[in-house]
Amino acid sequence: MTRLLATADDRLPLPRVDGRIIDAIHQSGLVGRGGAGFPTAIKWRAVADRSRGNAVIVVNGAEGEPRSEKDRLLMTTRPHLMLDGAFIAARVLKARRILLYIGERHESARQSMLRALGQRDEPERALVSFAAAPARYVAGAEMAAIHFLNEGIATPTTTPPYPFERGVDGVPTLVQNVETLARVALIARGTPADTALITLAGAVRQPGVVEVPSGTTLGEALRLGGGATESPRAVLVGGYFGSWMEPRVAWPAALDRDLRLGCGVIGVLPASRCPVCETAGIMRYLASESSAQCGPCFFGLRALADASSRIAEHGSSADDLRRLQRWATEVRGRGACKHPDGAVTFLASALTVFANEFAQHEAHEAREVQLSA
Amino acid sequence: MSRSFTLTIDRIKCDGRGLCAELLPELIRLDEWGYPIIASGAIPEHLLPLAQRAVDDCPVLALALRRADRKQ
Ligand SMILES: Cc1cc2nc3c(=O)[nH]c(=O)nc-3n(C[C@H](O)[C@H](O)[C@H](O)COP(=O)(O)O)c2cc1C
Ligand code: SF4
């Protein structure tokens with residue numbers, strides 16, 4: 001079995017590729033690993049159809065998800081593999097620029113990419129430039145990345161135009177996550193990695209990144225991380241845009257087949273922590289990370305965070321619970337980007353999985369929270 | 001040949017003036033903060049003129065009519 005992390009990061013000659021690589025990507029079933037899970041081949045076709053030798057490839061290494069570590073790990077340990085993916089994209093999509101958009105706090109990742117790039121040939125080096133993604137959650141959203149690269153402002157803009165129509169410099173643009181591109185490189189070499197790359201967080205003995213074969217259950221992956229440190233109350237699958245799940249449902253689920261992995265973060269909430277406080281803390285974070293451009297996102301997420309905090313701090317209230325339910329439905333789909341959708345997906349799962357806790361919550365001393373940023 | 005249209009909003013431009021909900025309450029209501037919530041689906045034929053009026057009158061040009069892909 002090929003693995004992403006265990007692949008030697010030697011500089012292999014770039015595989016000869018042409019448009020057929022898009023069919024291979026399609027057949028591999030590869031979907032984006034930045035969170036949205038969009039089929040990669042469809043994105044490539046959209047850019048290929050429009051590129052006139054001027055397309056732009058944006059490598060999304062913003063990794064703004066607070067608990068995620070996998071993109072940094074790949075950039076630090078497999079920079080050449082990732083560069084291969086980007087150069088393959090540039091060749092197939094006839095791009096004239098590659099932009100490495102790396103989180104401004106991810107300094108060792110940037111250093112590693114710089115070093116690797118220095119070992120490449122001049123024609124390849126000439127294609128690439130670096131940009132530092134501001135350390136804000138929304139800066140990693142693809143329209144925010146494009147806005148930043150064009151105008152230095154890392155807030156999303158309205159679609160259409162979509163990146164494949166008019167992105168960086170107004171030309172067709174592919175925005176692709178670091179891990180997705182590394183996987184493309186392996187597909188081009190004929191050795192696709194049939195694995196899931198996940199970051200274990202929260203109440204687990206050895207938090208961090210693990211790579212597991214397709215079909216591995218969540219329980220098995222957690223055992224690779226030494227298991228839960230104490231009896232778990234719930235697990236957050238897919239980071240802050242993901243969903244809470246009951247342990248008995250999540251443990252036997254195959255990571256890549258049964259779950260929406262999103263950005264790949266698996267967070268374990270122990271039974272000793274208060275799920276309501278935890279949820280309120282994460283909602284507060286997501287509300288504060290709104291780029292405040294769209295009313296329903298700015299006001300809606302703030303109201304949702306306020307109502308969650310009221311329940312956490314003053315105890316349950318039927319009125320607030322009703323508001324949470326209603327707003328969680330109303331806010332969806334009403335932002336220029338998917339930030340509000342991610343936040344209400346997360347909240348709706350909390351209201352389901354922690355229904356009893358939310359209904360019976362009593363005011364208590366603020367407790368330390370486990371997964372909040 | 002009948003065409004079908006939907007209403008779309010530029011969420012960044014929209015600043016919650018609320019005119020659209022006044023002109024077209026059949027399809028647009030406002031949330032707690034004054035921002036429009038649009039009924040899903042194609043606009044019924046008889047409401048198209050009013051929808052066009054709402055689009056034309058939006059003070060920040062945030063509202064638009066868009067051709068929906070015809071289903072049948
Ligand atoms: C609020 C928000 C934040 C995001 N942050 C990131 C990020 O940090 N890194 C990333 O790769 N994708 C992020 N995304 C997803 C990107 O918009 C985009 O879908 C992705 O980079 C495309 O690459 P992929 O198809 O390979 O996943 C974010 C999306 C949203 C809505
Ligand atoms: S939906 Fe929220 S985060 Fe996205 S652009 Fe609008 S205000 Fe910003």
Side-chain angles (χ1 to χ4, degrees), chain A residues 138 141-144 146-148 150-151 153-162 165-166 287 290-308 310 319-344 347, chain B residues 1-45 47-48 50-72:
Chain A
V138 170
E142 61 184 5
M143 294 310 296
I146 288 171
H147 196 194
F148 181 78
N150 281 334
E151 293 178 48
I153 307 167
T155 57
T157 54
T158 302
T159 49
Y162 292 97
E165 298 168 323
R166 258 188 287 143
S290 164
S291 78
Q293 302 187 95
C294 314
C297 174
F298 178 65
F299 292 106
L301 296 194
R302 192 170 71 180
L304 285 163
D306 286 347
S308 317
R310 278 197 300 274
D319 282 345
D320 272 333
L321 273 174
R322 265 195 303 275
R323 288 193 192 102
L324 285 177
Q325 295 283 6
R326 181 159 53 82
W327 292 335
T329 318
E330 276 182 7
V331 164
R332 185 178 296 281
R334 291 172 62 230
C337 80
K338 297 267 192 262
H339 185 67
D341 301 32
V344 299
L347 182 73
Chain B
M1 191 178 76
S2 80
R3 290 174 181 170
S4 88
F5 290 89
T6 55
L7 278 167
T8 62
I9 297 185
D10 183 324
R11 294 289 174 185
I12 294 179
K13 278 189 188 157
C14 173
D15 61 3
R17 307 278 181 105
L19 209 63
C20 54
E22 263 173 53
L23 289 170
L24 194 56
E26 295 89 343
L27 296 179
I28 304 180
R29 65 189 175 92
L30 300 180
D31 65 17
E32 255 93 344
W33 308 284
Y35 293 90
I37 300 176
I38 299 181
S40 61
I43 302 168
E45 193 120 9
L47 290 176
L48 271 176
L50 272 176
Q52 185 60 56
R53 168 100 197 274
V55 167
D56 295 341
D57 287 1
C58 173
V60 293
L61 306 179
L63 202 58
L65 277 176
R66 191 177 293 168
R67 285 274 304 265
D69 289 326
R70 278 195 305 148
K71 291 258 163 62
Q72 286 101 7

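Throughout, protein chains are lettered first and strands after them, A, B, ... in sequence-line order, and every chain is numbered starting at 1.
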### Any A:Phe299 side-chain heavy atom under 4.5 Å of B:Glu32 side chain
no
### Query
Rounded to the nearest 0.5 Å, how far does CH2 of A:Trp327 lie from CH2 of B:Trp33?
5.0 Å
### Side chain / backbone / both / neither for A:Thr155 at chain B, heavy atoms under 4.5 Å
neither
### Query
Judged by atom type as modelled, is there a donor-acceptor pair below 3.5 Å linking the side chain of A:Arg334 to the main-chain atoms of B:Pro36?
yes
### Message
Let me confirm one number: the OG-CD1 distance from A:Ser291 to B:Ile12, rounded to the nearest 0.5 Å.
### Response
6.5 Å
### Query
Is atom CZ of A:Arg332 surrounded by more than 12 heavy atoms (other residues, nucleotides or ligands) closer than 6.0 Å?
yes
#### Entry: Heavy-atom pair count under 4.5 Å with chain B, highest-scoring of A:Pro156, A:Gly335, A:Cys297, A:Gly333
A:Gly335
### Query
Quick one: does A:Pro160's side chain get under 4.5 Å of B:Arg66's, heavy atoms only?
yes
### Message
Run A:Glu330 and B:Ile37 through side-chain contact (heavy atoms from CB on, under 4.5 Å) and show every step you take.
### Response
CA-CA 8 Å; A:Glu330 276 182 7; B:Ile37 300 176; 3.7 Å; yes
### Query
With a cut-off of 6.0 Å (strictly less than), are more than 12 heavy atoms of other residues, nucleotides or ligands near CZ of B:Arg53?
no
### Task
Can you see which heavy atom on B:Arg11 is nearest to which on A:Pro296, and at what distance?
NH1-CG, 4.0 Å
### Summary
Looking only at heavy atoms, the pair that brings A:Gly295 and B:Tyr35 closest together is CA-CZ, 3.3 Å
